[in-house]
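Before any comments, here is the structure.
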Amino acid sequence: MSNERKLVLFIAASMDGYIAAPNDDLSFLSLVNKEGEDYGYSSFIQTVDTAIVGRKTYDWVMAHVPEFSHADKDTYVITRSPRPSNGNVTFYNGNLKDLIVELKSKKGKNIFCDGGSEIIHELLKEKLIDEMTVSIIPILLGSGTRLFKEGAPEQKLKLISSKQFDTGLAQLHYVFEGK
């Protein structure tokens with residue numbers, strides 16, 4: 001099983017566990033912007049060749065950036081409404097577990113889960129996430145979109161590394177025990 005591709009979550013959240021403020025506002029992420037610092041993202045992104053992202057997250061990104069950041073990766077946008085594929089982007093409305101099991105069985109690099117919270121919740125319920133790196137932004141938002149919703153089964157984690165940065169960001173890298 002050690003040759004199996006891993007599904008990896010790499011995400012940022014507020015100290016109180018929100019990945020977005022109300023109205024899907026991600027502006028709090030800019031609190032830790034620092035020239036020349038990407039918090040390991042460029043190294044991480046080289047370890048993956050496939051991305052999974054929720055439709056709401058995809059639509060938000062497409063509305064706020066000039067070009068899709070994962071255009072060079074096979075990307076599956078998880079949606080309830082069929083849409084035609086666009087380059088390497090496939091709009092997928094089938095069973096999420098079936099998709100992940102199929103992707104993990106193929107040769108390739110790791111699979112990047114790029115949000116959102118509903119996709120993360122479904123993947124946690126099915127115990128399909130193998131590793132997670134969560135960057136904690138030094139702010140309490142008080143409300144918004146939670147990183148982890150209630151109702152996923154208990155899963156033990158093993159801390160692989162923790163890093164702190166002079167911007168106040170703390171980054172935690174975990175693997176799921178038993179994986």
Side-chain angles (χ1 to χ4, degrees), residues 6-33 38-41 44-45 47-71 73-83 85-101 103-104 110-137 139-153 155 157 169 171-174 176:
K6 294 178 183 164
L7 179 61
V8 182
L9 176 64
F10 191 101
I11 200 161
S14 65
M15 183 66 196
D16 54 350
Y18 294 98
I19 58 173
N23 302 313
D24 298 323
D25 179 4
L26 300 179
S27 62
F28 75 98
L29 297 173
S30 66
L31 289 172
V32 294
N33 284 356
D38 74 352
Y39 302 104
Y41 180 79
F44 164 76
I45 206 68
T47 68
V48 301
D49 62 7
T50 305
I52 304 291
V53 62
R55 196 249 336 134
K56 286 189 272 188
T57 301
Y58 174 81
D59 286 348
W60 188 94
V61 168
M62 294 309 291
H64 291 86
V65 299
E67 141 182 333
F68 185 53
S69 59
H70 306 314
K73 314 234 179 279
D74 290 330
T75 301
Y76 293 86
V77 178
I78 310 306
T79 180
R80 291 182 184 93
S81 308
R83 284 195 210 173
S85 295
N86 180 6
N88 291 350
V89 177
T90 300
F91 293 89
Y92 181 84
N93 65 344
N95 181 287
L96 182 58
K97 181 179 181 178
D98 292 346
L99 173 65
I100 301 303
V101 169
L103 290 173
K104 282 185 171 189
N110 288 339
I111 305 157
F112 173 25
C113 178
D114 194 15
S117 67
E118 290 183 37
I119 302 304
I120 294 166
H121 183 68
E122 286 303 310
L123 294 170
L124 286 171
K125 280 188 356 190
E126 297 290 346
K127 297 187 176 183
L128 291 170
I129 298 176
D130 299 293
E131 295 184 18
M132 69 169 83
T133 298
V134 180
S135 294
I136 306 298
I137 309 296
I139 188 172
L140 298 172
L141 293 177
S143 65
T145 304
R146 288 209 165 275
L147 171 54
F148 302 116
K149 295 178 160 201
E150 286 186 34
Q155 296 173 69
L157 304 169
L169 181 142
Q171 191 172 73
L172 306 172
H173 180 187
Y174 290 97
F176 285 77

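Note that the numbering runs from 1 along the sequence shown for the chain.
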| task | Begin with the C-alpha distance, continue with both residues' side-chain angles, and end with the deciding distance and a verdict on side chain to side chain contact (heavy atoms under 4.5 Å, CB included) for Phe44 and Val8. | result | CA-CA 10 Å; Phe44 164 76; Val8 182; 3.6 Å; yes
| query | What's the verdict on side chain to side chain contact (heavy atoms under 4.5 Å, CB included) for Ser117 and Ile19, showing C-alpha distance, side-chain angles and the deciding distance? | reply | CA-CA 8 Å; Ser117 67; Ile19 58 173; 4.0 Å; yes
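With ring centers used as reference points, Tyr58 lies under 6.0 Å from Phe91.
Interatomic distance, Glu122 CD to Lys149 NZ, rounded to the nearest 0.5 Å: 8.5 Å. The CZ atom of Phe28 sits 8.5 Å away from the CG atom of Leu31 when rounded to the nearest 0.5 Å. The distance from the CG atom of Asn95 to the CD atom of Glu126 is 7.5 Å, given to the nearest 0.5 Å. Expressed to the nearest 0.5 Å, how far SG of Cys113 lies from CD1 of Ile11 amounts to 7.0 Å. Atom NZ of residue Lys97 and atom CG of residue Leu128 lie 6.5 Å apart, to the nearest 0.5 angstrom. Here the straight-line distance linking atom CD1 of Ile129 with atom CD1 of Ile119 works out to 10.5 Å at 0.5 Å rounding.
Without hydrogens or angle criteria, Asp74 side chain to Thr50 main chain gives no donor-acceptor distance under 3.5 Å. Judged by distance alone, the side chain of Asn88 and the main-chain N or O of Ala71 form a donor-acceptor pair under 3.5 Å. Looking only at distances, no side-chain donor or acceptor of Thr90 sits under 3.5 Å from a matching main-chain atom of Tyr92. A donor-acceptor pair under 3.5 Å links the side-chain atoms of Tyr39 to the main chain of Val32, judged by distance alone. With hydrogens and angles disregarded, a donor-acceptor distance shorter than 3.5 Å links the side chain of His64 to the backbone of Trp60.
Between Val48 and Ile111, the closest side-chain pair of non-hydrogen atoms is not below 4.5 Å. Using a 4.5 Å heavy-atom threshold, the side chains of Phe176 and Leu7 count as separate. Side-chain contact between Ile52 and Leu103 is present, with at least one heavy-atom pair separated by less than 4.5 Å. Between Asp130 and Lys104 there is a side-chain heavy-atom pair separated by less than 4.5 Å. In this structure the side chain of Gln171 reaches within 4.5 angstrom of the side chain of Ser135, judged on heavy atoms. The side-chain heavy atoms of Ile78 and Leu99, taken from C-beta on, include a pair separated by under 4.5 Å. A 4.5 Å side-chain heavy-atom check between Tyr18 and Leu147 finds every atom pair outside the cut-off. You'll find the side chain of Leu123 stays beyond 4.5 Å of the side chain of Ile120, heavy atoms only.
The shortest heavy-atom contact between Leu26 and Ala20 is CD2-CB, 3.6 Å. In terms of heavy atoms, His121 sits closest to Gly151 at CE1-C, 3.9 Å. Across all their heavy atoms, Leu140 and Met15 have their closest contact at CD2-CB, 3.8 Å. A pairwise comparison of heavy atoms in Leu29 and Asn33 identifies O-OD1, 3.7 Å as the closest pair.
Sequence neighbours left out, the pairs with a member in residues 49-61 that pass salt bridge (Lys or Arg N to Asp or Glu O under 4.0 Å) are Arg5-Asp49, Arg55-Asp59, Lys56-Glu118, Asp59-Arg83.
Tyr41 and His70 have tilted rings, their planes meeting at an angle from 30° to 60° on a 0 to 90° scale.
Counting non-hydrogen atoms of other residues, nucleotides and ligands closer than 6.0 Å to CE of Met62 gives a total above 12. Heavy atoms from other residues, nucleotides or ligands lying under 6.0 Å from CG of Asn23 number 12 at most.
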